[in-house]
K.L.:
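Mind having a look at this structure? Questions to follow.
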Amino acid sequence: MGWQSSLTATPETIERVTAIMRVGTKLESVPPPETIILRDADGRPKDYKENSETRKMRLRLAGINEAIRTTMFTGIIPDAMVRIFNKSFNRGGRFYALGGSWQSMSKDARKQVRIGGEPVVEIDYKTLHPALLYAQAGVQMPEDCYSISGWPRPLVKIAFLILINAKKEHEARAAIARHDHMALLTRPGTQEAYSLASDLAVAIKARHVGIANAFHSDKGAELMRLDSDLAETVMHVMLLAGVVVLPVHDSFLVQESKARMLEEVMLRVAYEAGYESLRVEHA
């Protein structure tokens, strides 16, 4: 299973679909034949041996998908979700809505979504992957991991994540240099981007000496397994309280009236998993 592209509905399409739903016709997605998917190195689904862990994941996801199916949404078609792992069950595991749905929308577009007729807010874990790495290392995390004097914060964030995932320094430098955020700082047709990428990489590593072993480690997929487990638990706990939340990987859409409850659940789940330094913020 794989997706090569996604589509976002126009305002006119959303208006027409909403009109249909108002007269009592509820649009529903077709449940996928398999919701726990393991992909090989080429991104193709591969067979795996069923065990108690995969059965538990499938059962929890079935409950979440059923809750999504029976909840009234405005502004989206409530797609069912699958959970996708990469090469092994220690890598990946994030939740993906079939067809993209709310996950492929911009943040501004997601603000127009309604759950049970109520406006939503989006709440996420602040600097999630750095916080997980610092927790693993047992080292105090800086106040803002992506704040480095003289550099735009969005570029620092992208560069940090690239440095974690790229196995070789030259690959990381090239990826940082080619990113759209870097283009805003350099002149077209020059090699400035590569020089600045090297400087930024040095600055990031100097700021994060406490997790030096994480750079060029290809740990991103392992961190996704950790953050997807947090997401599963958050959704499960909220569902037990009768509240449906929609995951956007490390953030969640929830009704405004349930925002405080979600914040408390996210913090409690992180604390109980051993990540006391994790904080939440409104996206």
Side-chain angles (χ1 to χ4, degrees), residues 90-94 107 121-169 171-173 175-176 179 181-182 185 196-238 245 247-252 254 259-283:
N90 294 324
R91 297 170 56 85
R94 283 182 165 180
K107 284 187 177 181
V121 295
E122 185 172 349
I123 303 173
D124 66 7
Y125 282 115
K126 184 178 181 180
T127 56
L128 178 56
H129 282 188
L132 296 178
L133 290 171
Y134 272 96
Q136 291 176 342
V139 180
Q140 181 68 36
M141 185 176 66
E143 181 64 27
D144 186 347
C145 292
Y146 301 140
S147 177
I148 297 180
S149 179
W151 295 96
R153 190 178 187 279
L155 178 59
V156 175
K157 178 178 180 179
I158 291 296
F160 180 98
L161 298 176
I162 288 173
L163 288 169
I164 296 298
N165 288 283
K167 293 183 179 180
K168 298 180 180 179
E169 291 190 20
E171 293 174 348
R173 182 173 63 252
I176 296 170
H179 199 274
H181 287 303
M182 182 63 79
L185 304 180
L196 287 177
S198 295
D199 293 343
L200 179 54
V202 170
I204 291 173
K205 291 177 181 179
R207 179 164 173 76
H208 296 288
V209 292
I211 55 171
N213 291 338
F215 295 113
H216 309 296
S217 65
D218 187 30
K219 285 183 69 68
E222 295 176 21
L223 296 173
M224 288 181 187
R225 173 60 204 259
L226 298 178
D227 73 45
S228 67
D229 285 345
L230 291 175
E232 181 194 51
T233 305
V234 167
M235 289 187 288
H236 180 67
V237 172
M238 292 295 290
V245 297
V248 192
H249 306 315
D250 59 353
S251 66
F252 305 90
V254 67
R260 183 58 184 166
M261 178 193 297
L262 175 59
E263 291 174 3
E264 293 174 352
V265 167
M266 290 172 69
L267 290 172
R268 185 172 78 249
V269 167
Y271 180 85
E272 291 176 352
Y275 307 120
E276 296 90 345
S277 62
L278 272 177
R279 298 292 179 264
V280 299
E281 62 183 356
H282 285 234

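Quick caveat, the model's predicted, so the values are computed rather than measured.
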K.L.:
Just how far is it from atom CH2 of Trp151 to atom CG of Leu196, taken to the nearest 0.5 Å?
P.N.:
4.5 Å
K.L.:
Please report the C-alpha distance between Met261 and Val254 in whole Å, then the side-chain angles of each, then the deciding distance to 0.1 Å, and finally whether the side-chain contact (heavy atoms from CB on, under 4.5 Å) criterion is met.
P.N.:
CA-CA 10 Å; Met261 178 193 297; Val254 67; over 6 Å; no
K.L.:
How long is the gap from OG1 on Thr127 to CE on Met141, to the nearest 0.5 Å?
P.N.:
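One gets 4.5 Å once the value is rounded to the nearest 0.5 Å.
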K.L.:
Verify side-chain contact (heavy atoms from CB on, under 4.5 Å) between Ile164 and Leu133, making sure each step is shown before the conclusion.
P.N.:
CA-CA 10 Å; Ile164 296 298; Leu133 290 171; 3.7 Å; yes
K.L.:
So Ile158 and Ile176, do their side chains get closer than 4.5 Å, heavy atoms only?
P.N.:
no
K.L.:
Nearest 0.5 Å, please: how far is NE2 in His129 from CG in Asp227?
P.N.:
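Rounded to the nearest 0.5 Å, the CG-NE2 separation comes out at 4.0 Å.
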K.L.:
Looking at side-chain heavy atoms only, is the closest gap between Leu185 and Leu155 below 4.5 Å?
P.N.:
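Yes - at least one pair of side-chain heavy atoms lies under 4.5 Å apart.
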K.L.:
Checking the side chain of Tyr125 only, and the main-chain atoms of Met266 only, is there a donor and an acceptor separated by less than 3.5 Å?
P.N.:
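Such a contact is found between Tyr125 side chain and Met266 backbone.
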K.L.:
Rounded to the nearest 0.5 Å, how far apart are CD of Glu171 and NZ of Lys168?
P.N.:
6.0 Å
K.L.:
What donor-acceptor contacts under 3.5 angstrom involve side-chain atoms of residues 276-283, with partners at least two apart or in another chain?
P.N.:
| from | atom 1 | to | atom 2 | distance (Å) |
| --- | --- | --- | --- | --- |
| Arg279 | NH1 | Glu276 | O | 2.8 |
| His282 | NE2 | Glu263 | OE2 | 2.8 |

K.L.:
Could you report the tightest heavy-atom contact between Leu163 and Ala172, atom names first, then the distance?
P.N.:
CD2-CB, 3.8 Å
K.L.:
Given side chains that start at C-beta, do those of Met235 and Pro247 come closer than 4.5 Å, heavy atoms only?
P.N.:
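Counting from C-beta outward, Met235 and Pro247 do come under 4.5 Å.
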K.L.:
Using residues 206-221 as the side-chain source, report each donor-acceptor pair under 3.5 Å to any protein atom, sequence neighbours left out, with the distance given to one decimal.
P.N.:
| from | atom 1 | to | atom 2 | distance (Å) |
| --- | --- | --- | --- | --- |
| Arg207 | NE | Ser147 | O | 3.2 |
| Arg207 | NH2 | Asp144 | O | 2.9 |
| His208 | ND1 | Tyr134 | OH | 2.7 |
| His208 | NE2 | Cys145 | O | 3.0 |
| His216 | ND1 | Ala166 | O | 3.1 |
| His216 | NE2 | Lys205 | NZ | 2.9 |
| Ser217 | OG | Ala214 | O | 2.4 |
| Ser217 | OG | Lys219 | N | 3.4 |
| Lys219 | NZ | Glu222 | OE1 | 3.3 |

K.L.:
Determine whether Tyr275 and Leu230 make a side-chain contact, defined as any pair of heavy atoms from C-beta on separated by less than 4.5 Å.
P.N.:
yes
K.L.:
Report yes if some heavy atom in the side chain of Thr233 is under 4.5 Å from a heavy atom in the side chain of Val265; otherwise report no.
P.N.:
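Sidechains of Val265 and Thr233: no contact.
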K.L.:
Kindly compute the distance separating OH (Tyr146) from CD1 (Ile204), expressed to the nearest 0.5 Å.
P.N.:
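Taking OH in Tyr146 and CD1 in Ile204, the distance rounds to 9.5 Å.
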K.L.:
How long is the gap from CG on Asp250 to CG on Leu132, to the nearest 0.5 Å?
P.N.:
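Between atom CG of Asp250 and atom CG of Leu132 there are 10.0 Å.
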